[in-house]
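Values reported hereafter were calculated over all heavy atoms of this structure, with side chains retained and with hydrogens, waters and symmetry mates removed. Here is the naming used below: chain letters follow the sequence lines, and residue numbers restart at 1 for every chain.
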Number of protein chains: 2
Amino acid sequence: MNKPSFREQVLQAREDAIVDAVNRLLADKGFDAMTVDAVAAEVGIAKASLYKHFESKEALAAAAMVRVLERAQAFCDTEAAALPQPLDRLKAVARWTMHVQWAGEMPSLPAQNSTLRSALVANRDYMDRLMALSERLGEWIEAAQADGALSPEVPAEVVLYTLFSRACDPVLGVLKAGGSYTEEQAISCLLRTCFDGLAAR
Amino acid sequence: MNKPSFREQVLQAREDAIVDAVNRLLADKGFDAMTVDAVAAEVGIAKASLYKHFESKEALAAAAMVRVLERAQAFCDTEAAALPQPLDRLKAVARWTMHVQWAGEMPSLPAQNSTLRSALVANRDYMDRLMALSERLGEWIEAAQADGALSPEVPAEVVLYTLFSRACDPVLGVLKAGGSYTEEQAISCLLRTCFDGLAAR
DNA sequence: GTCTATAAAGCGATAGAC
DNA sequence: GTCTATCGCTTTATAGAC
């Protein structure tokens with residue numbers, strides 16, 4: 001592995017700036033409302049230059065997803081892994097995703113767009129990282145089920161899907177927009193709802 | 001109130017057919033991917049004729065939302081109201097929304113589209129029915145909190161938002177697409193997750 | 001009210017000069 | 001690799017005949 005040249009570093013920095021802008025726009029407006037013109041404008045380059053780095057709008061979205069998956073994996077490897085109980089690790093990850101969403105840094109993609117879906121499943125970077133994260137979380141879920149901390153009636157895959165879904169739960173956005181909860185209050189409340197349910201214990 | 005003329009009945013039937021098509025397309029592809037051309041094609045009339053009935057694409061979506069809100073209100077007034085416990089009424093409503101979603105009849109709108117949001121809040125029919133349903137559910141939520149069935153740590157409005165959110169929870173679509181759960185299994189599982197939480201009791 | 005035809009605008013993507 | 005300029009297509013919405 002050679003040290004990257006100065007030229008390569010500049011290129012990498014520019015691509016980071018692009019992914020930054022895409023991430024912000026995806027979190028703010030969503031995939032359909034995000035225009036490639038807006039991305040170019042926010043980065044401060046011409047649209048045609050964007051297409052020298054990424055071949056399509058879908059590839060831009062995939063790059064943003066790859067980065068958030070990397071951030072999630074990094075959180076799992078450090079802070080979450082430091083907790084002794086599997087259930088607490090899962091809660092920590094869920095809490096982290098909600099903080100990311102609150103900060104306006106959670107790119108959420110429409111599940112229904114088929115063009116986008118095809119591009120994502122064909123994207124090696126994206127799929128590899130998605131599966132790596134799923135496997136890591138899957139281990140913790142099974143461990144938590146084994147020691148009786150997670151409900152045995154909910155299949156492991158349903159737990160996993162639910163965690164992904166709560167990372168983009170629109171309820172948090174509504175609470176933030178309402179303005180009557182602090183970040184900590186809102187997230188604690190949703191975490192409780194997710195793990196302990198709406199019904200009294 | 002006069003009896004509607006034959007002409008008015010035909011018109012009403014046509015508008016019902018339009019709302020049917022919009023509802024199906026919204027549930028299937030979402031608002032952004034739904035084109036007015038597709039609606040016209042599915043109804044079997046020309047696009048220009050559509051605009052004689054509804055003034056915009058947003059108005060079409062609002063009409064579909066109005067109808068599902070009416071259906072929800074009707075369910076609340078009959079089957080849910082027949083249950084003695086407020087918590088059971090809320091569970092029945094949540095279960096009903098999941099059945100609607102499973103059947104591909106739940107029109108779900110993007111929370112981020114600002115043009116659509118403006119049109120909806122300006123739509124009297126939509127807002128009136130949304131508020132009527134929210135009030136009805138709000139009464140049951142407060143009753144369930146009062147008798148200790150709902151967690152006192154989750155504010156009533158958060159419970160309400162959560163119920164609306166679970167009505168469009170993408171997890172159900174994933175489980176249906178996976179094909180390894182029956183409708184009853186998937187919905188029971190998600191209901192459990194929603195009211196009892198992921199953690200063991 | 002229904003149709004055909006078209007206007008008007010937005011957007012993803014590319015050509016070609018530098 | 002970056003730019004300006006533009007293509008080609010889709011989509012919402014409307015004009016005007018019947």
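Among pairs with a residue in residues 75-89 of chain B, those fulfilling side chain to side chain donor-acceptor pair (under 3.5 Å) read D77(B)-R136(B), at least two apart in sequence or across chains. Sorted by first then second residue, the side chain to side chain donor-acceptor pair (under 3.5 Å) pairs that include residues 109-126 of chain A, not counting sequence neighbours, are R124(A)-D128(A). For residues 42-79 of chain B, the set of pairs meeting the ring pair (Phe, Tyr, Trp, His ring centres under 6.0 Å) definition, not counting sequence neighbours, comprises F75(B)-W96(B).
Only I45(A), listed by number, bring a heavy atom of residues 38-45 of chain A to less than 4.0 angstrom from any atom of DNA chain D. Within residues 108-123 of chain A, no residue has a heavy atom under 4.0 Å from DNA chain D.
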### Query
Can you give one letter per nucleotide of nucleotides 4-18 of chain D, 5' to 3': B if a protein heavy atom sits under 4.0 Å from the base, S if only from the sugar-phosphate, - if neither?
B------SBBBB---
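The side chain to side chain contact (heavy atoms under 4.5 Å, CB included) check on Q12(A) picks up D16(A), with sequence neighbours excluded. Applying the side chain to side chain contact (heavy atoms under 4.5 Å, CB included) rule to S188(B) yields the partners R95(B), E184(B); only residues at least two apart in sequence or on another chain are considered. Considering only residues two or more places apart in sequence or on other chains, E157(A) meets the side chain to side chain donor-acceptor pair (under 3.5 Å) condition with Y161(A), Y181(B). In this structure, the side chain to side chain donor-acceptor pair (under 3.5 Å) partners of S165(B), at least two apart in sequence or on a different chain, are D169(A). Applying the side chain to side chain donor-acceptor pair (under 3.5 Å) criterion to D20(A), with sequence neighbours excluded, gives R67(A).
Annotation: side chain of M65(B) is not in contact with side chain of R129(B) (no heavy-atom distance under 4.5 Å).
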### Message
Checking L69(B) against Q73(B) for the side chain to side chain contact (heavy atoms under 4.5 Å, CB included) test, could you report, in this order, the C-alpha distance in whole Å, the side-chain angles of both residues, the deciding distance, and whether it holds?
### Response
CA-CA 6 Å; L69(B) 287 173; Q73(B) 188 75 256; over 6 Å; no
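In this structure, CH2 on W102(B) lies 6.5 Å from CD1 on I187(B), to the nearest 0.5 angstrom.
Counting heavy atoms of neighbouring residues, nucleotides and ligands inside a 6.0 Å radius, atom CD of E55(B) does not exceed 12 of them.
Atom NZ in K29(A) sits roughly 13 Å away from atom P in dG10(C) (whole-Å rounding). Atom CZ in R7(A) sits about 8 Å away from atom C1' in dG1(D), given to the nearest Å.
Each end of the helix from dG1(C)-dC18(D) to dC18(C)-dG1(D) gets its own rotation axis from five pairs of C1' atoms, and the angle between them is 20° to the nearest 10 degrees.
In this model, the phosphate group of dG1(C) is not approached by any side-chain N or O of R14(B) to a distance below 4.0 Å at OP1 or OP2.
Among all heavy-atom pairs drawn from L163(B) and L198(A), the shortest one is CD2-CD1, 4.2 Å.
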